[in-house]
There are 2 protein chains.
Amino acid sequence: MEKKLPTIKEIARRLNISASTVSRALHDHPSIGLRTKMAVKKLAAELNYEPNQTAIFFKQRKTFTIGLVLPNLREEFFSAAINGIEDVAIDHNYIVLIGQSHDDLAREQKLVESMKNHRVDGIIASISSSTTHIEHFEQMKNYDIPVVFFDRVPDAKDIHSVSCNLYDSSVEAVEWLIKKGHKRIGYLQGPPTLNMKNERLDGYMEAHKKHKLPVDESLIVSTDLSVEGTQKAFDALMLLKKRPTAILSFNDYVTLDAIHYARQKKLAINKDICFVSYANVPVTQYVEYPPLASVEQFPYDQGVSATELLFRLIDKKTSRLEAPYENIVLKSELIIR
Amino acid sequence: MEKKLPTIKEIARRLNISASTVSRALHDHPSIGLRTKMAVKKLAAELNYEPNQTAIFFKQRKTFTIGLVLPNLREEFFSAAINGIEDVAIDHNYIVLIGQSHDDLAREQKLVESMKNHRVDGIIASISSSTTHIEHFEQMKNYDIPVVFFDRVPDAKDIHSVSCNLYDSSVEAVEWLIKKGHKRIGYLQGPPTLNMKNERLDGYMEAHKKHKLPVDESLIVSTDLSVEGTQKAFDALMLLKKRPTAILSFNDYVTLDAIHYARQKKLAINKDICFVSYANVPVTQYVEYPPLASVEQFPYDQGVSATELLFRLIDKKTSRLEAPYENIVLKSELIIR
DNA sequence: GCATTTTCCGCAAACGTTTGCCTGTCCTAT
DNA sequence: ATAGGACAGGCAAACGTTTGCGGAAAATGC
């Protein structure tokens, strides 16, 4: 052990040339003669030379690292998104620093801080459900670190984002239920912080309006995404004098919890109560009673798109260009089982 | 934008003192007077000074980053392990670089290479199912980068590892099936590369031996973990003249695929055929027919343990001590539903 | 009041690489 | 013959921080 790794200086010393020549030779700089270029490369190969990236990072003020902040990795939605992000990152010779906020604002802040200290070249984030402000992200502007939000996008201007158009598919989902004869459709929504830009609810409303169905406010309940929160919200719906016959629910995980609970309560799924949901995660294939339909949000594509946007911003940054704020909206798609 | 971030030099210039004094003042070095120390800190706070980590990384030859290489993030087993790893890392002010091999050796190699270039201080890895050799990990010794394997541990000496004792729980699992009256128990194992140290099979054998049950080799089949692979393996079992009445299966994901397939084949789960499995992932709670029992492998604890071991190795490294190879084995536990 | 210790701080090198600028040599065209 | 250009490569600074060493001033001991 304790091997001194070979450096450019070492190569220069052995060849009796200067370090700058070695550096240029290794980079195929035109002003280095073929003879020396060959000699340098040969020796470099023999010594197993590899550039010290930390020195380069330091010198170039770049780390070839992007930070990814998201609520958790448990949900297949996010792990699918990571696949997209990672694939694009690898293409650009970047590597991904991942941090989970576990839906905790303080932890999210700490992660962003830590990533800033590590001088990531850019950040991709999906905010936590307890994120009430995004100062910690806005701070990054002072460090020239671009931030791209995806999926869970804060309701703010002057940000870059990639998200799905959930409005259209929400209209479609609710219309689909209405056409199947449902007249009372509950909406089990997420926590308020994630509803700032509430496309799901807007779509829900719109579908009702289109079909001249009155909207009963008591049919709209919230969960904090925890199992208990979902159960409480579900109870609230079931205690209504006029129960809903179908429920539009925040995402598949919430739906699975709700269905699980409903079955404990001896409700007949798809008879007493139907579910339509968001995310269309693969795990629903294994369950006995999956939601009847789910809105596919193409997490992989969102990840790819967000990362490509981020790289555009990073490039703009290095070329000192002002980048306009981009808010990319991808299509979503109602998948009927 | 385009703000020049404040540096130590800048502070020194403004205060008409030397950079070294500023550096020491910020680190509460004893040989700096209280007066100047205060002045430095005050100005540093005003300027919002933050040390340039890349410079420090470079100088200290440390990056406060650990690399994590694993097959995928989709399986909850791994995302749970990450939670443990991340928690310990954060405590040590470290951050985690994640890469998925997607069970592809070439990609795994590329990831390790990339992490080496990023000069991670250590690597935690769970090998891909196509990893037939571990040269790329052994290379890391040349760079003084310690490697800790967890869960999917290669069968090699001179490595550090954290894993679960699956032998005892495998014996227990099969005995449990035997006691329930099963006489023909299939074993649906993983791909050969993951079976090098085959505790599951050894336990399976031992239980048969203990109960004087003959082992029928045709009851032992393999899947490459893909859905199709699992179906083929399952078919092989079902085409036997004397079918098994129970199956011990590589992990819960394989089991879910198998059960799904068995139901398509109109088999009555828990009547025609029972399943016992490994991992005990939470998602099995949502399915109609989960495995009857599953071996909990405590991924979070494995993650914590692996990371703690890694930090011990990193510390040893900085203090130039030889570290003996540690192979930590945690308990597993058969969970009966 | 002199010698000695303590207190406080600066100098400069170092980490490995990149890059603007300069110098020298040789070739070629006038 | 000389100017001009092309080619090859060296010098030195720079990135921001840390740290061993040394030294001046102040405090202490007698």
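What you see is a predicted model; the values in this text were computed from it and never measured.
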Item to check | Side-chain donor/acceptor of A:T131 to backbone N/O of A:H133, under 3.5 Å | outcome: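 Pair absent, no side-chain N/O of A:T131 close to backbone of A:H133.
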Checklist entry - Got a donor-acceptor contact below 3.5 angstrom from the A:D121 side chain to the A:I66 backbone? => result no
Salt bridge or not for [X] and [Y], using N-O below 4.0 Å?
| X | Y | value |
| --- | --- | --- |
| A:D103 | A:R152 | yes |
| B:E86 | A:R107 | yes |
| B:E10 | B:R13 | yes |

Next on the checklist: Taking any heavy-atom pair under 4.0 Å as a contact, classify B:Y49: base, sugar-phosphate, or nothing.
Outcome noted: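 Since only primed, P, OP1 and OP2 atoms lie under 4.0 Å of B:Y49, the category is sugar-phosphate.
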Next on the checklist: Classify A:T54 by what it touches in the nucleic acid, base, sugar-phosphate, or nothing, heavy-atom distance under 4.0 Å.
Outcome noted: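 Result for A:T54 = nothing.
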Checklist entry - How far apart are the closest heavy atoms of B:S128 and B:L105, and which atoms are they? => result OG-N, 3.9 Å
Item to check | Nearest-nucleotide 5' precedence on DNA chain D, B:P51 against A:P30 | outcome: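 Nearest nucleotide further toward 5': that of A:P30.
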Next on the checklist: Nearest 0.5 angstrom please: B:R312 CZ to B:H160 NE2, how far?
Outcome noted: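 Taking CZ in B:R312 and NE2 in B:H160, the distance rounds to 10.0 Å.
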Checklist entry - Would B:S161 and B:N327 count as having a side-chain donor-acceptor pair, cut-off 3.5 Å? => result yes
Next on the checklist: Determine whether the aromatic ring centres of residues B:H92 and B:F64 are separated by less than 6.0 angstrom.
Outcome noted: no
Item to check | Residue pair A:I98 / B:L68, side-chain heavy-atom distance below 4.5 Å | outcome: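 No - every pair of side-chain heavy atoms lies 4.5 Å or more apart.
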For nucleotides 19-24 of chain C, tabulate all protein N/O to nucleotide N/O atom pairs closer than 3.5 Å, reporting atom names and distance.
residue	atom	partner	partner atom	Å
C:dG20	O6	A:R24	NH2	2.5

Checklist entry - Just how large is the angle between the end axes of the helix from C:dG1-D:dC30 to C:dC26-D:dG5, five pairs per end, to 10 degrees? => result 60°
Checklist entry - Considering the options B:I90, B:T307, B:L310, which one meets the side-chain contact (heavy atoms from CB on, under 4.5 Å) requirement together with B:I85? => result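 So, applying the side-chain contact (heavy atoms from CB on, under 4.5 Å) to B:I85 and each of B:I90, B:T307, B:L310, only B:T307 qualifies.
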Checklist entry - Toward the 5' end of DNA chain C, which comes first, B:A55 or B:T36, by nearest nucleotide? => result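 It is B:T36 whose nearest nucleotide is closer to the 5' end.
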Checklist entry - 5'-most contact on DNA chain C: B:R61 or B:K37, nearest heavy atom basis? => result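 Of the two residues, B:K37 wins.
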Checklist outcome for this item: Its 5'-most and 3'-most nucleotides having an atom under 4.0 Å from a non-hydrogen atom of chain B, DNA chain D is contacted over D:dC15 to D:dG20
Checklist entry - CD1 of B:I8 versus P of C:dC9: gap in Å, rounded? => result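 Answer to the nearest Å: 15 Å.
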